[in-house]
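Notes to accompany the following structure.
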Protein chains: 2
Amino acid sequence: MSGIKETSTNYANKQALADECAEVYAANIIGGQWSLVICSWLLNGKLRFGELRQLLPNITERMLTLQLRKLEASHIVKRTVYAEVPPRVEYELTAIGYELKPIIKRLEEWGEKHKLMATRTLTDNE
Amino acid sequence: MSGIKETSTNYANKQALADECAEVYAANIIGGQWSLVICSWLLNGKLRFGELRQLLPNITERMLTLQLRKLEASHIVKRTVYAEVPPRVEYELTAIGYELKPIIKRLEEWGEKHKLMATRTLTDNE
DNA sequence: GACATTACTTACATTTTTTATAGTACCATA
DNA sequence: TATGGTACTATAAAAAATGTAAGTAATGTC
(Lines give C-alpha, C1' and ligand atoms only; values in the text may rest on other atoms or scores of the structure.)
Protein backbone atom coordinates (compact mmCIF):
# COMPACT_ATOMS: atom_id res chain seq x y z
CA MET A 1 0.00 0.00 0.00
CA SER A 2 2.91 2.34 0.67
CA GLY A 3 6.37 2.81 1.98
CA ILE A 4 7.86 -0.65 1.94
CA LYS A 5 10.80 -1.35 -0.25
CA GLU A 6 10.51 -4.68 -2.01
CA THR A 7 14.17 -4.71 -2.94
CA SER A 8 15.51 -4.45 0.60
CA THR A 9 17.19 -7.24 2.44
CA ASN A 10 14.78 -6.67 5.25
CA TYR A 11 11.82 -7.33 2.98
CA ALA A 12 13.41 -10.49 1.61
CA ASN A 13 14.18 -11.75 5.09
CA LYS A 14 10.66 -11.13 6.30
CA GLN A 15 9.19 -12.92 3.31
CA ALA A 16 11.46 -15.90 3.69
CA LEU A 17 10.76 -16.21 7.41
CA ALA A 18 7.02 -15.83 6.97
CA ASP A 19 7.07 -18.50 4.28
CA GLU A 20 8.86 -20.97 6.49
CA CYS A 21 7.35 -20.18 9.88
CA ALA A 22 3.64 -19.69 10.27
CA GLU A 23 4.23 -18.20 13.71
CA VAL A 24 6.36 -15.46 12.21
CA TYR A 25 3.78 -14.93 9.49
CA ALA A 26 1.18 -14.50 12.23
CA ALA A 27 3.39 -12.21 14.26
CA ASN A 28 3.89 -9.97 11.24
CA ILE A 29 0.15 -9.57 10.90
CA ILE A 30 -0.55 -8.61 14.48
CA GLY A 31 2.76 -6.86 15.01
CA GLY A 32 2.70 -3.12 15.21
CA GLN A 33 2.55 -0.90 18.20
CA TRP A 34 -1.22 -0.71 18.49
CA SER A 35 -2.60 -3.74 16.67
CA LEU A 36 -3.02 -5.95 19.67
CA VAL A 37 -4.77 -3.33 21.79
CA ILE A 38 -7.09 -2.51 18.96
CA CYS A 39 -7.96 -6.17 18.54
CA SER A 40 -8.43 -6.52 22.28
CA TRP A 41 -11.00 -3.76 22.32
CA LEU A 42 -12.73 -5.08 19.25
CA LEU A 43 -13.11 -8.47 20.90
CA ASN A 44 -15.92 -6.82 22.86
CA GLY A 45 -17.75 -5.69 19.76
CA LYS A 46 -17.93 -3.07 17.05
CA LEU A 47 -16.40 0.32 17.57
CA ARG A 48 -16.36 3.53 15.64
CA PHE A 49 -13.16 5.29 14.67
CA GLY A 50 -13.71 7.99 17.24
CA GLU A 51 -14.47 5.51 19.97
CA LEU A 52 -11.22 3.70 19.34
CA ARG A 53 -9.38 6.97 19.43
CA GLN A 54 -10.81 7.71 22.82
CA LEU A 55 -9.97 4.28 24.14
CA LEU A 56 -6.36 4.74 23.01
CA PRO A 57 -5.69 8.22 24.35
CA ASN A 58 -2.17 8.55 23.05
CA ILE A 59 -2.63 7.28 19.56
CA THR A 60 -2.59 9.79 16.74
CA GLU A 61 -5.26 9.71 14.08
CA ARG A 62 -2.64 8.85 11.54
CA MET A 63 -1.45 5.83 13.45
CA LEU A 64 -4.96 4.65 14.15
CA THR A 65 -5.80 4.90 10.48
CA LEU A 66 -2.64 3.09 9.45
CA GLN A 67 -3.13 0.23 11.86
CA LEU A 68 -6.78 -0.18 10.99
CA ARG A 69 -5.93 -0.22 7.30
CA LYS A 70 -3.29 -2.83 7.87
CA LEU A 71 -5.67 -4.98 9.88
CA GLU A 72 -8.30 -4.54 7.22
CA ALA A 73 -5.88 -5.53 4.48
CA SER A 74 -5.07 -8.65 6.50
CA HIS A 75 -8.75 -9.52 6.81
CA ILE A 76 -8.62 -9.25 10.58
CA VAL A 77 -10.97 -6.32 10.75
CA LYS A 78 -13.99 -5.37 8.71
CA ARG A 79 -14.74 -1.74 7.97
CA THR A 80 -18.25 -0.50 7.34
CA VAL A 81 -18.92 2.99 6.11
CA TYR A 82 -22.35 4.53 6.54
CA ALA A 83 -23.24 7.18 3.98
CA GLU A 84 -24.05 9.85 6.49
CA VAL A 85 -22.86 13.32 7.31
CA PRO A 86 -20.89 13.60 9.44
CA PRO A 87 -19.47 10.24 8.45
CA ARG A 88 -19.84 7.11 10.51
CA VAL A 89 -17.44 4.21 10.17
CA GLU A 90 -17.58 1.04 12.19
CA TYR A 91 -14.88 -1.50 12.76
CA GLU A 92 -15.37 -5.08 13.84
CA LEU A 93 -13.35 -8.27 13.89
CA THR A 94 -13.80 -10.80 11.13
CA ALA A 95 -14.18 -14.49 11.88
CA ILE A 96 -10.46 -15.12 11.60
CA GLY A 97 -9.79 -11.97 13.56
CA TYR A 98 -11.98 -13.23 16.33
CA GLU A 99 -9.98 -16.43 16.41
CA LEU A 100 -7.10 -14.41 17.83
CA LYS A 101 -8.95 -14.35 21.10
CA PRO A 102 -7.31 -17.39 22.73
CA ILE A 103 -3.91 -16.24 21.56
CA ILE A 104 -4.37 -12.80 23.02
CA LYS A 105 -5.64 -14.32 26.24
CA ARG A 106 -2.65 -16.61 26.55
CA LEU A 107 -0.25 -13.82 25.74
CA GLU A 108 -1.90 -11.82 28.45
CA GLU A 109 -1.56 -14.61 30.99
CA TRP A 110 2.04 -15.18 30.08
CA GLY A 111 2.71 -11.46 30.28
CA GLU A 112 1.20 -11.22 33.75
CA LYS A 113 3.25 -14.11 34.95
CA HIS A 114 6.43 -12.75 33.42
CA LYS A 115 5.77 -9.33 34.89
CA LEU A 116 5.40 -10.82 38.36
CA MET A 117 8.61 -12.74 37.91
CA ALA A 118 10.46 -9.66 36.75
CA THR A 119 9.23 -7.72 39.75
CA ARG A 120 10.31 -10.45 42.09
CA THR A 121 13.74 -10.68 40.50
CA LEU A 122 14.26 -6.96 40.86
CA THR A 123 13.22 -7.04 44.50
CA ASP A 124 15.51 -9.95 45.20
CA ASN A 125 18.49 -8.08 43.86
CA GLU A 126 18.01 -4.98 45.92
CA MET B 1 21.19 -1.27 27.23
CA SER B 2 21.59 1.07 24.28
CA GLY B 3 19.95 3.12 21.60
CA ILE B 4 16.53 3.81 22.98
CA LYS B 5 15.51 7.31 23.77
CA GLU B 6 13.66 7.52 27.02
CA THR B 7 12.31 10.98 26.29
CA SER B 8 10.51 10.09 23.07
CA THR B 9 6.77 9.90 22.71
CA ASN B 10 7.19 6.46 21.27
CA TYR B 11 8.94 5.25 24.40
CA ALA B 12 6.26 6.76 26.63
CA ASN B 13 3.53 5.14 24.58
CA LYS B 14 5.16 1.75 24.71
CA GLN B 15 5.58 1.98 28.46
CA ALA B 16 2.01 3.09 29.04
CA LEU B 17 0.62 0.34 26.84
CA ALA B 18 2.78 -2.34 28.39
CA ASP B 19 1.71 -1.20 31.82
CA GLU B 20 -1.97 -1.47 31.00
CA CYS B 21 -2.01 -4.46 28.72
CA ALA B 22 -0.13 -7.59 29.61
CA GLU B 23 -0.55 -8.86 26.05
CA VAL B 24 1.28 -5.83 24.71
CA TYR B 25 3.94 -6.25 27.37
CA ALA B 26 4.37 -9.81 26.18
CA ALA B 27 4.42 -8.82 22.54
CA ASN B 28 7.18 -6.32 23.23
CA ILE B 29 9.31 -9.05 24.71
CA ILE B 30 8.99 -11.50 21.87
CA GLY B 31 8.71 -8.86 19.18
CA GLY B 32 11.62 -8.30 16.89
CA GLN B 33 12.31 -9.81 13.56
CA TRP B 34 14.05 -12.95 14.72
CA SER B 35 12.96 -13.54 18.30
CA LEU B 36 10.18 -15.99 17.58
CA VAL B 37 12.23 -18.14 15.25
CA ILE B 38 15.05 -18.25 17.73
CA CYS B 39 12.66 -19.32 20.46
CA SER B 40 11.10 -21.89 18.16
CA TRP B 41 14.45 -23.51 17.54
CA LEU B 42 15.38 -23.38 21.19
CA LEU B 43 12.18 -25.21 22.09
CA ASN B 44 13.98 -28.31 20.82
CA GLY B 45 16.94 -27.84 23.13
CA LYS B 46 20.19 -25.99 23.66
CA LEU B 47 22.01 -24.49 20.73
CA ARG B 48 25.34 -22.80 20.27
CA PHE B 49 25.72 -19.37 18.71
CA GLY B 50 27.12 -20.83 15.53
CA GLU B 51 24.39 -23.41 15.29
CA LEU B 52 21.73 -20.74 15.50
CA ARG B 53 23.51 -18.76 12.86
CA GLN B 54 23.41 -21.71 10.53
CA LEU B 55 19.74 -22.34 11.21
CA LEU B 56 18.98 -18.72 10.36
CA PRO B 57 20.98 -18.35 7.18
CA ASN B 58 20.15 -14.71 6.51
CA ILE B 59 20.69 -13.29 9.94
CA THR B 60 23.79 -11.21 10.53
CA GLU B 61 25.95 -11.96 13.53
CA ARG B 62 25.14 -8.59 14.93
CA MET B 63 21.40 -9.17 14.77
CA LEU B 64 21.73 -12.61 16.28
CA THR B 65 23.76 -11.17 19.11
CA LEU B 66 21.29 -8.34 19.67
CA GLN B 67 18.26 -10.58 19.75
CA LEU B 68 19.91 -13.09 22.03
CA ARG B 69 20.98 -10.31 24.38
CA LYS B 70 17.46 -8.95 24.42
CA LEU B 71 16.00 -12.36 25.12
CA GLU B 72 18.58 -12.88 27.83
CA ALA B 73 17.79 -9.55 29.41
CA SER B 74 14.13 -10.57 29.44
CA HIS B 75 14.96 -13.85 31.15
CA ILE B 76 13.61 -15.85 28.21
CA VAL B 77 16.96 -17.34 27.34
CA LYS B 78 19.87 -18.46 29.44
CA ARG B 79 23.42 -18.03 28.20
CA THR B 80 26.22 -20.30 29.30
CA VAL B 81 29.82 -19.57 28.48
CA TYR B 82 32.43 -22.32 28.62
CA ALA B 83 35.94 -21.14 29.29
CA GLU B 84 37.49 -22.81 26.29
CA VAL B 85 39.39 -21.79 23.21
CA PRO B 86 37.88 -21.39 20.73
CA PRO B 87 34.98 -20.17 22.83
CA ARG B 88 31.78 -22.12 23.28
CA VAL B 89 28.54 -20.49 24.28
CA GLU B 90 25.25 -22.26 24.67
CA TYR B 91 21.78 -20.82 24.66
CA GLU B 92 18.69 -22.42 26.11
CA LEU B 93 15.21 -21.38 27.12
CA THR B 94 14.49 -20.59 30.74
CA ALA B 95 11.40 -21.95 32.46
CA ILE B 96 9.33 -18.90 31.58
CA GLY B 97 10.79 -18.95 28.09
CA TYR B 98 9.69 -22.50 27.68
CA GLU B 99 6.19 -21.48 28.65
CA LEU B 100 5.95 -19.64 25.37
CA LYS B 101 5.54 -23.01 23.71
CA PRO B 102 1.74 -23.15 23.64
CA ILE B 103 1.57 -19.55 22.48
CA ILE B 104 3.96 -20.17 19.64
CA LYS B 105 2.05 -23.29 18.70
CA ARG B 106 -1.25 -21.46 18.61
CA LEU B 107 0.23 -18.60 16.66
CA GLU B 108 1.50 -21.16 14.21
CA GLU B 109 -1.88 -22.81 13.85
CA TRP B 110 -3.61 -19.50 13.42
CA GLY B 111 -1.01 -18.44 10.88
CA GLU B 112 -1.49 -21.61 8.84
CA LYS B 113 -5.21 -21.14 8.84
CA HIS B 114 -4.95 -17.50 7.89
CA LYS B 115 -2.50 -18.30 5.15
CA LEU B 116 -4.89 -20.82 3.65
CA MET B 117 -7.68 -18.31 3.79
CA ALA B 118 -5.58 -15.65 2.14
CA THR B 119 -4.68 -18.05 -0.64
CA ARG B 120 -8.28 -18.98 -1.18
CA THR B 121 -9.36 -15.36 -1.25
CA LEU B 122 -6.76 -14.54 -3.87
CA THR B 123 -7.78 -17.47 -6.02
CA ASP B 124 -11.42 -16.51 -5.76
CA ASN B 125 -10.71 -13.06 -7.05
CA GLU B 126 -8.79 -14.09 -10.12
C1' DG C 1 -21.94 32.57 4.89
C1' DA C 2 -19.50 30.82 9.16
C1' DC C 3 -19.22 26.80 12.11
C1' DA C 4 -19.34 22.23 13.94
C1' DT C 5 -18.75 17.32 13.40
C1' DT C 6 -16.42 12.92 11.80
C1' DA C 7 -13.15 10.26 9.69
C1' DC C 8 -9.89 10.72 7.54
C1' DT C 9 -5.27 12.50 4.23
C1' DT C 10 -0.90 14.73 3.34
C1' DA C 11 3.75 16.39 4.00
C1' DC C 12 7.39 16.18 6.83
C1' DA C 13 10.36 15.07 11.02
C1' DT C 14 12.04 11.95 14.34
C1' DT C 15 12.96 7.55 16.37
C1' DT C 16 13.72 2.71 16.15
C1' DT C 17 15.07 -1.39 13.90
C1' DT C 18 17.68 -3.85 10.74
C1' DT C 19 21.58 -4.55 7.60
C1' DA C 20 26.63 -4.05 5.99
C1' DT C 21 31.30 -4.43 6.74
C1' DA C 22 35.26 -4.78 9.14
C1' DG C 23 37.42 -5.68 12.94
C1' DT C 24 38.90 -8.30 18.02
C1' DA C 25 40.63 -11.95 21.62
C1' DC C 26 41.91 -16.26 22.62
C1' DC C 27 45.20 -20.24 22.04
C1' DA C 28 46.19 -24.69 19.68
C1' DT C 29 48.26 -26.37 15.75
C1' DA C 30 51.15 -26.24 11.46
C1' DT D 1 55.35 -16.76 12.59
C1' DA D 2 51.11 -17.65 10.37
C1' DT D 3 46.43 -19.77 10.32
C1' DG D 4 42.05 -21.17 11.90
C1' DG D 5 37.95 -21.38 14.55
C1' DT D 6 34.32 -19.20 17.73
C1' DA D 7 31.67 -15.73 19.45
C1' DC D 8 31.51 -11.78 19.50
C1' DT D 9 32.12 -5.71 19.04
C1' DA D 10 32.36 -1.13 16.61
C1' DT D 11 30.80 1.93 13.37
C1' DA D 12 28.05 3.46 9.74
C1' DA D 13 24.23 3.41 6.83
C1' DA D 14 19.72 2.03 5.08
C1' DA D 15 15.04 1.07 5.89
C1' DA D 16 10.88 0.92 8.54
C1' DA D 17 7.84 2.55 12.04
C1' DT D 18 6.01 6.17 14.55
C1' DG D 19 4.93 11.06 15.66
C1' DT D 20 3.64 16.20 14.53
C1' DA D 21 0.91 19.44 12.54
C1' DA D 22 -2.04 20.99 9.31
C1' DG D 23 -5.65 20.40 5.99
C1' DT D 24 -9.97 18.13 3.48
C1' DA D 25 -14.96 16.79 2.32
C1' DA D 26 -19.59 16.74 3.17
C1' DT D 27 -23.76 18.88 5.05
C1' DG D 28 -26.94 20.30 8.57
C1' DT D 29 -27.52 24.14 11.85
C1' DC D 30 -26.88 29.01 13.43
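Chain A is the first sequence line, chain B the second, and so forth, proteins listed ahead of strands; every chain is numbered from 1. Excluded from the calculations below are hydrogen atoms, water molecules and symmetry mates; all remaining heavy atoms, backbone and side chain alike, are included.
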Query raised in the report: Taking all atoms of both residues into account, what is the closest heavy-atom pair of A:K115 and B:A22, and its distance?
Result: NZ-CA, 4.4 Å
Query raised in the report: Which nucleotide sits closest to the side chain of A:P86: D:dA7, D:dA16, C:dT6?
Result: C:dT6
To the nearest Å, how far apart are [X] [atom1] and [N] [atom2]?
X     : N      : atom1 : atom2 : value
B:E6  : C:dT14 : CD    : C1'   : 17 Å
B:L17 : D:dT18 : CG    : P     : 11 Å
A:Y82 : C:dA7  : OH    : P     : 12 Å
B:E90 : D:dT6  : CD    : P     : 14 Å
B:Q54 : D:dG5  : CD    : P     : 12 Å
B:N28 : C:dT16 : CG    : P     : 13 Å
B:R53 : D:dG5  : CZ    : P     : 11 Å
A:L64 : D:dG19 : CG    : P     : 12 Å

Pull out every protein N or O sitting under 3.5 Å from an N or O of nucleotides 27-30 of chain D, one pair per line with the distance.
none

Query raised in the report: At under 4.0 Å, does any side-chain N or O of A:R69 touch on OP1 or OP2 of C:dT9?
Result: yes
Query - B:K101 vs B:I104, side chain to side chain contact (heavy atoms under 4.5 Å, CB included): CA-CA, chis, key distance, verdict - result: CA-CA 5 Å; B:K101 188 170 188 176; B:I104 293 177; 5.9 Å; no
Query raised in the report: Taking only residues two or more places apart in sequence or in another chain, which ones pass ring-ring contact (aromatic ring centres under 6.0 Å, His included) with B:Y25?
Result: A:H114
Requested in this report: Determine, step by step, whether A:I29 and B:W110 satisfy the side chain to side chain contact (heavy atoms under 4.5 Å, CB included) criterion, reporting the C-alpha distance in whole Å, the side-chain angles of both residues, the deciding distance to 0.1 Å, and the verdict.
Outcome: CA-CA 11 Å; A:I29 290 180; B:W110 184 88; 4.1 Å; yes
Query raised in the report: Does a salt bridge link A:E90 with A:K46, judged by any charged N lying under 4.0 Å from a carboxylate O?
Result: yes
Query raised in the report: Between B:Q67 and B:S35, is a side chain to side chain donor-acceptor pair (under 3.5 Å) present by the stated rule, with each step listed?
Result: CA-CA 6 Å; B:Q67 304 274 359; B:S35 298; 2.8 Å; yes
Query - Hydrophobic cluster identity match, B:Y82 and B:L42, side-chain contacts under 4.5 Å - result: no
Requested in this report: Answer with yes or no whether the hydrophobic clustering places A:Y98 together with A:L71; edges join I, L, V, M, F, W, Y residues whose side-chain heavy atoms lie under 4.5 Å apart.
Outcome: yes
Query raised in the report: More 5' along DNA chain D: A:S8 or B:T65, using each one's nearest nucleotide?
Result: B:T65
Please produce a list of atom pairs where a protein N or O lies less than 3.5 Å from an N or O of nucleotides 17-24 of chain C.
from	atom 1	to	atom 2	distance (Å)
C:dT18	OP1	B:Q33	N	2.8
C:dT18	O3'	A:N10	ND2	2.8
C:dT18	O3'	B:Q33	NE2	3.2
C:dT19	OP1	A:N13	ND2	2.5
C:dT19	OP2	B:W34	NE1	3.2
C:dT19	O3'	A:T9	OG1	3.4
C:dT19	O4	B:R62	NE	2.5
C:dT19	O4	B:R62	NH2	3.2
C:dA20	OP1	A:T9	OG1	2.5
C:dA20	N6	B:R62	NE	3.4

Report task. Quick one: do A:K113 and B:I96 satisfy side chain to side chain contact (heavy atoms under 4.5 Å, CB included)? Show the steps, please. Result -> CA-CA 8 Å; A:K113 188 164 181 180; B:I96 188 98; 4.0 Å; yes
